[in-house]
Amino acid sequence: MLASFDPADLDRGPRDTKSGTERMCVVSRRVRPIDELIRFVLAPTGEPVPDLKRKLPGRGMWVSASHKAVAEAVKRNLFARGFKTNVKPSADLADETDKLMLRGVIEALAMVAKAGQVVAGFTKVEDTLRRNTAGILLHASNGAADGIRKLDGIARQNAEFDEETDPLPIISLLHSDELDLALGRSNVIHAAVLTGPAGKTFLSRSQTLVRYRMADADINASAKPSKTHASPDTALPDDDLAD
């Protein structure tokens, strides 16, 4: 049976999101923290668009931060029913949302790099790990398995020596071309964000995108995986051009 709607399904604008930390997903009808949801608003052209920063004007509808949930909302025509107007979302809205989230991840990493808080190249990353000054370890999703395995092993050793420290987040979300774009250089396979607050936004956006791609609408999306690997099409060898 299709979900019914009432005025509570739409917020009253971006200011309204600050007054509460939870909203109801229009697909699952479950109340969740807003960090586990995506806010959608109507664009001036009339179609629903994701408001990833929760700042766009207009009333907003909330959907679980899940590719499956967004696709289901399109399939069941929930945007038209929720906004009470004849809106026709793109059939590819779930994929388009993914692309916007990915762009946000790349932009956040670029900002960290501009602040001088990223090192790249196998040797430099290895040294950073051994000095225990890495806050986030990055691998290209199409990187060679041997290099990834070696650097991951060093990260695990550090965690074993310091049991009070949380495991180092390891992100294999971006293709080497996307790492190149973010860092403004070529042939990036391995990189590390240095310890400190600079990488907080990048890590948060990365984890959100991982959950979006992996979470089922019926599973609590609050889990924060410390590691994700995308399956590479063609693994690239390690590159020490940064050294």
Side-chain angles (χ1 to χ4, degrees), residues 33-40 49-56 62-71 90 92-121 125 128 134-143 148 151-152 155 166-215 221-233 235-236 239 242:
I34 59 175
D35 287 342
E36 297 175 10
L37 300 162
I38 298 175
R39 182 177 187 259
F40 286 85
V49 294
D51 177 17
L52 300 179
K53 296 181 179 180
R54 301 192 284 270
K55 294 181 178 180
L56 294 179
W62 297 81
V63 181
S64 293
S66 156
H67 186 283
K68 178 180 178 180
V70 176
S90 166
D92 298 324
L93 182 60
D95 290 337
E96 293 169 359
T97 300
D98 184 290
K99 291 178 181 178
L100 285 175
M101 295 172 75
L102 177 60
R103 184 189 304 170
V105 169
I106 294 172
E107 290 175 349
L109 181 57
M111 292 298 293
V112 181
K114 288 180 180 179
Q117 296 299 298
V118 178
V119 298
V125 172
T128 300
I136 307 170
L137 176 58
L138 307 178
H139 303 302
S141 61
N142 55 328
I148 292 173
L151 294 177
D152 286 357
D166 293 333
L168 182 72
I170 303 175
I171 305 295
S172 293
L173 189 63
L174 302 178
H175 190 275
S176 59
D177 291 343
E178 293 162 341
L179 285 174
D180 293 350
L181 177 63
L183 303 183
R185 50 172 299 146
S186 59
N187 301 315
V188 179
I189 304 299
H190 308 286
V193 176
L194 302 180
T195 54
K200 183 177 179 180
T201 298
F202 166 70
L203 180 59
S204 175
R205 291 183 183 180
S206 296
Q207 291 172 331
T208 299
L209 180 54
V210 170
R211 292 197 300 270
Y212 180 79
R213 292 176 173 178
M214 299 179 65
S222 63
K224 294 184 178 180
S226 62
K227 180 176 180 179
T228 176
H229 285 296
S231 299
D233 296 322
L236 295 182
D239 196 316

Problem set entry | Test side chain to side chain contact (heavy atoms under 4.5 Å, CB included) applied to W62 and L37, D51, I38, the passing residue |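 Considering L37, D51, I38, a side chain to side chain contact (heavy atoms under 4.5 Å, CB included) with W62 is found only for L37.
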For this session: Examine distances only and state if a side-chain atom of T208 and a backbone atom of S204 form a donor-acceptor pair shorter than 3.5 Å.
Result: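 Such a contact is found between T208 side chain and S204 backbone.
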Problem set entry | R39 side-chain N/O to I34 backbone N/O, donor-acceptor pair under 3.5 Å |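 Side chain of R39 to backbone of I34: no pair is present.
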If you take all heavy atoms of [X] and [Y], which pair is closest and at what distance?
| X | Y | result |
| --- | --- | --- |
| I189 | S176 | CD1-CB, 4.0 Å |
| P169 | L203 | CB-CD1, 3.8 Å |
| A108 | F202 | CB-CA, 3.7 Å |
| R205 | G104 | NH1-O, 2.9 Å |
| R213 | L173 | NH1-CD1, 3.5 Å |
| A113 | L183 | CB-CD2, 3.7 Å |

Problem set entry | Non-neighbouring partners of D92 that pass side-chain hydrogen bond (donor to acceptor under 3.5 Å, both in side chains), sequence neighbours left out |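 Result, side-chain hydrogen bond (donor to acceptor under 3.5 Å, both in side chains) vs D92: none returned.
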For this session: Under the side-chain hydrogen bond (donor to acceptor under 3.5 Å, both in side chains) rule, collect the residues that match up with D180, sequence neighbours excluded.
Result: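 Partners of D180 by the side-chain hydrogen bond (donor to acceptor under 3.5 Å, both in side chains) criterion come out as none, since no residue qualifies.
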Could you give the distance from [atom1] ([X]) to [atom2] ([Y]), rounded to the nearest 0.5 Å?
| X | Y | atom1 | atom2 | result |
| --- | --- | --- | --- | --- |
| S206 | I170 | OG | CD1 | 13.0 Å |
| L174 | L179 | CG | CG | 5.0 Å |
| I171 | L137 | CD1 | CG | 9.0 Å |
| I148 | S141 | CD1 | OG | 8.5 Å |
| D177 | L181 | CG | CG | 9.0 Å |

So, do [X] and [Y] sit near enough that their side-chain heavy atoms are less than 4.5 Å apart?
| X | Y | result |
| --- | --- | --- |
| V105 | E178 | no |
| D35 | R54 | yes |
| V112 | I136 | no |

Exercise. Among pairs that include at least one residue of residues 99-110, which meet side-chain hydrogen bond (donor to acceptor under 3.5 Å, both in side chains), considering only residues two or more places apart or in two chains?
Worked result: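 Non-adjacent pairs meeting side-chain hydrogen bond (donor to acceptor under 3.5 Å, both in side chains): zero.
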Exercise. Given L151 and H190, is the side chain to side chain contact (heavy atoms under 4.5 Å, CB included) satisfied, shown in steps?
Worked result: CA-CA 9 Å; L151 294 177; H190 308 286; 3.6 Å; yes
